[in-house]
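Reading through the structure tokens given below for one structure.
Numbering of residues begins at 1 and proceeds along the displayed sequence. Ligands are counted one by one from 1 in listed order, and the atoms in each one are counted from 1 as well.
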Amino acid sequence: MTIPHDQLRGLIDHARWFGGKGREWTLAGVRRVGELPDAPDGLHVAIDLAEIAYADGTTDYYQLPLALYAEPQDRLSHAHVGEWDDEDHGHCHVYDALHDRQSMALWLAAFASHGIDATGVDAPRPADKRGELMFHRLPGHDLDLESHSTLFSGEQSNSSVAFGEDALMKVFRKVTPGVNPDIAIHQVLTEAGSTHVAALYGWLDLVDDDADGTDSTIQLAMLQQFLRTASDGWDLALASVRNLFAEADLHADEVGGDFAGEAARLGTALAEVHADLAAHFPVEERDADAAAALASAMEGRLDAALDVVPDLAPYADSLRATFGRLRDLDRIAVQQVHGDLHLGQTLRTVRGWKIVDFEGEPAKPLAERLLPDSVWRDVAGMIRSFDYAPRVVAMASGAGFEGEAEQRAYRAAEWAARNRAAFLEAYTAQRGTAGPEGQDDAAGTLLDAYLADKVVYETVYEARNRPGWLSIPLAALEESSS
Ligand SMILES: Nc1ncnc2c1ncn2[C@@H]1O[C@H](COP(=O)(O)OP(=O)(O)O)[C@@H](O)[C@H]1O
Ligand SMILES: O=P(O)(O)O[C@H]1O[C@H](CO)[C@@H](O[C@H]2O[C@H](CO)[C@@H](O)[C@H](O)[C@H]2O)[C@H](O)[C@H]1O
């Protein structure tokens, strides 16, 4: 019997990582692409790929790590997928392997034994009978094979499993053939000795056969340093705003928990990461045609967004004018960037700020995400986060006493402006360039355009995912147009 699609459909439909929610889809097929070696009797640890076919004719592939047990496992009832006669292993009780410590121990052991040789050099050899699973390692870290796995909860597009406080494995859910930027960029920054990323320990490739018979590789997972002392940058920013709002008479620089020092350190960290990326990936100086093409792409995204968010219409002319100024630039410098930077992608550790998740915008095709872009895209992403944080706290604070909402709005704007200024000043100082505000017109034009592009993107993101927050980017547009 093949894998019963109805049982897997339930797993996919309810999963947080499934990006096809709200679209009409069918499970077109499920393919076993590998099995972990050395499983004990009564257990098989498999990796299946589910093919999702959408009504509009497009297809996505999602990775499903499964634990196939001969006997039911009460301890895993929360991760139960189904029960069926597996083609390879007979009658099985099937669970989501990422919840299962026994299965995760086999994944970790495979990294330890298949991705590195006795001298500590990456020497992958097939980890399964089919010869398709290849575990890779970077030298310099001995994995703690005694550590227990814990699956991270939370709203994420992939699934992350911590191994004690030693390592974190990110299992990519939506997979496509080709280089995953998260792995490629972490590898480069790790080898460059960057202090602003979690060191890459290894990654898992599926060496697959294309439909046309040529080999292609799908990157399935990455293993990296677990940042033990990390606090999420977004949570820290919210806490700082709450402190400010609790002290109605004080300004941000007079209240405990002022964020400006952290914003400046984030600016320095981003400039250092950009410098490392520029040293290891291609950097190009492009001409006026490239600026015009970028402006057209942003205008195209605005047109598409107007169909989804009619409330954008009053701001369309002013947004087009911003993109029009970009069209007039005669050159644009591009390099590898993060591509989807916001406070939720930053972690504050005792050793400073770390930047995570270099996968780029999940909605973009993989090949596009490694294309060079302007550094101002990342800068704009962070600045939009400085605008979001106080608005989110103000929204959650309710109406309060008469005039309180207005007072909070004023203080929210003050918090955002203070942190934007601190971040930008530190960023440009570290890069040794003129700032975009009044000093370098071209940089100012680029930053404005990327800010506008991001706010348009956010209206669509919020309309689709958090309609209650759509007012946040719309309020930013309203303020900048008044
Ligand atoms: N090296 C790390 N150590 C500890 N926590 C991490 C590390 N990298 C990421 N995280 C946390 O794990 C979660 C998911 O990380 P992220 O890379 O953003 O995954 P996704 O691609 O699923 O969005 C986030 O909450 C992030 O703060
Ligand atoms: O983290 P992802 O790569 O999935 O990014 C998406 O989700 C983000 C929200 O989690 C969204 O970011 C927007 O909301 C943030 C607050 O939750 C805010 O800090 C960002 O500035 C704002 O853009 C991001 O846009 C989206 O791609």
- Query: Salt bridge or not for Asp182 and Lys170, using N-O below 4.0 Å?
  - Reply: yes
- Task: Please identify each residue that fulfils salt bridge (Lys or Arg N to Asp or Glu O under 4.0 Å) with Arg325, with sequence neighbours left out.
- Result: none
- Message: Tell me whether Asp56 at atom CG has more than 12 heavy atoms from other residues, nucleotides or ligands lying less than 6.0 Å away.
- Response: yes
- Atoms of ligand 1 less than 4.0 Å from Gln224 heavy atoms? 1 (N), 8 (N)
- Ser157: heavy atom below 4.0 Å from ligand 1, yes or no? yes
- Note on the structure: Contact region, Asn158 to ligand 1, non-hydrogen atoms below 4.0 Å, reads both
- Purely on distance, is any nitrogen or oxygen of Ser160 under 3.5 Å from one on ligand 1? no
- For Asp205, what residues pass the salt bridge (Lys or Arg N to Asp or Glu O under 4.0 Å) criterion, not counting sequence neighbours? none
- Message: One residue to check: Lys170. Relative to ligand 1, which of side chain, backbone, both or neither has a non-hydrogen atom less than 4.0 Å away?
- Response: side chain
- Query: Which of parallel (below 30°), tilted (30 to 60°) and perpendicular (above 60°) describes His141 and Tyr201?
  - Reply: parallel
- Message: Test of understanding: given a 4.0 Å heavy-atom threshold, classify the contact between Asp182 and ligand 1 as side chain, backbone, both, or neither.
- Response: neither
- Task: Please identify which atoms of ligand 1 are closer than 4.0 Å to at least one heavy atom of Val356.
- Result: 8 (N), 9 (C)
- Under a 4.0 Å N-O cut-off, is there an ion pair linking Arg348 with Glu262? yes
- Query: ligand 1 versus Leu227, non-hydrogen atoms closer than 4.0 Å: side chain, backbone, both, neither?
  - Reply: both
- Query: Looking at Lys454 and Asp387, does any basic side-chain N land under 4.0 Å from a carboxylate oxygen?
  - Reply: no
- Taking only heavy atoms of Ala198, which atoms of ligand 1 are found under 4.0 Å from at least one of them? 1 (N)
- Item | Arg23 CZ: over 12 foreign heavy atoms closer than 6.0 Å | yes
- Note on the structure: Any heavy atom of Trp17 under 4.0 Å from ligand 1? The part involved is neither
- Note on the structure: Sorted by chain and residue number, the ring-ring contact (aromatic ring centres under 6.0 Å, His included) partners of Phe163 (sequence neighbours excluded) come out as none
- Task: Might you list the protein residues in contact with ligand 2, defined as having a heavy atom under 4.0 Å from one of its atoms, sorted by chain and number?
- Result: Trp234, Asp340, His342, Gln345, Arg384, Ser385, Tyr388, Lys454, Tyr457, Glu458, Tyr461, Arg466, Trp469
- Of all the atoms in ligand 1, which lie at a distance below 4.0 Å from a heavy atom belonging to Gln345? 18 (O)
- Over 12 foreign heavy atoms within 6.0 Å of CD, Glu425: no
- For the residue pair His186 and Phe358, does the interplanar ring angle fall in the parallel (under 30°), tilted (30 to 60°) or perpendicular (over 60°) class? perpendicular
